[in-house]
Enquirer: 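Please see the structure below; I have some questions.
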Amino acid sequence: MIFPENPFAGLKFQSSDLNGQNEPHKLELDYHFNAREIKTLARLFRDHQEQIPEVLKDFADEIERSIYSTMTITEAENFYA
């Protein structure tokens with residue numbers, strides 16, 4: 001899968017998008033990712049880790065933890081190689 005050089009370039013957040021606790025107003029997403037989606041997101045985040053917006057860092061960390069919790073060290077190294 002080919003991603004743009006900076007897939008996060010179009011993401012812009014303004015203070016008007018957030019309430020006082022830095023959370024979007026009444027915005028929630030309940031979605032269950034399948035294994036393929038998690039692996040794709042993991043590669044995307046790893047390949048573009050310098051461009052991940054601060055607001056997505058916890059999400060990216062959780063995706064990476066899910067990869068490491070289901071693979072051996074060798075499998076994870078091969079996956080990210």
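Only heavy atoms go into these numbers, but all of them, side chains included; no hydrogens, no water, no symmetry mates.
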Enquirer: Can you find a heavy atom in the side chain of Met71 that is under 4.5 Å from one in the side chain of Ile73?
Expert: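 Counting from C-beta outward, Met71 and Ile73 never come under 4.5 Å.
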Enquirer: Any idea how Phe59 and Phe33 line up, ring-wise: parallel (<30°), tilted (30 to 60°), or perpendicular (>60°)?
Expert: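 Answer is tilted, since the angle falls between 30° and 60°.
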Enquirer: Looking at every heavy atom in both Ile38 and Ile63, which two are closest together, and how far apart are they?
Expert: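 Closest approach of Ile38 to Ile63, heavy atoms only: O-CG2, 3.7 Å.
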Enquirer: Assess the residue pair Asn78 and Thr74 against the criterion (side-chain contact (heavy atoms from CB on, under 4.5 Å)); give the C-alpha distance rounded to whole Å, side-chain angles, the decisive distance to 0.1 Å, and a yes or no.
Expert: CA-CA 6 Å; Asn78 290 336; Thr74 302; 3.8 Å; yes
Enquirer: Stepwise, does the side-chain contact (heavy atoms from CB on, under 4.5 Å) test hold for Phe79 with Lys39?
Expert: CA-CA 9 Å; Phe79 176 75; Lys39 288 178 180 180; 3.8 Å; yes
Enquirer: Could you go through Arg46 and Arg43, starting from their C-alpha distance and side-chain angles, then the distance that decides it, and tell me whether this counts as side-chain contact (heavy atoms from CB on, under 4.5 Å)?
Expert: CA-CA 5 Å; Arg46 177 60 68 96; Arg43 288 301 308 236; 5.5 Å; no
Enquirer: Does atom CG of Asp58 have more than 12 heavy-atom neighbours from other groups under 6.0 Å away?
Expert: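 At most 12 heavy atoms, drawn from other residues, nucleotides or ligands, come within 6.0 Å of this atom.
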Enquirer: Looking only at heavy atoms, which two atoms of Thr72 and Glu75 are closest? And how far apart?
Expert: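 Heavy atoms only, the tightest pair is N-OE1, 2.8 Å.
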Enquirer: Could you state the interatomic distance from CG (Leu56) to CG (Leu41), rounded to the nearest 0.5 Å?
Expert: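 Going from CG on Leu56 over to CG on Leu41, the span is 10.0 Å.
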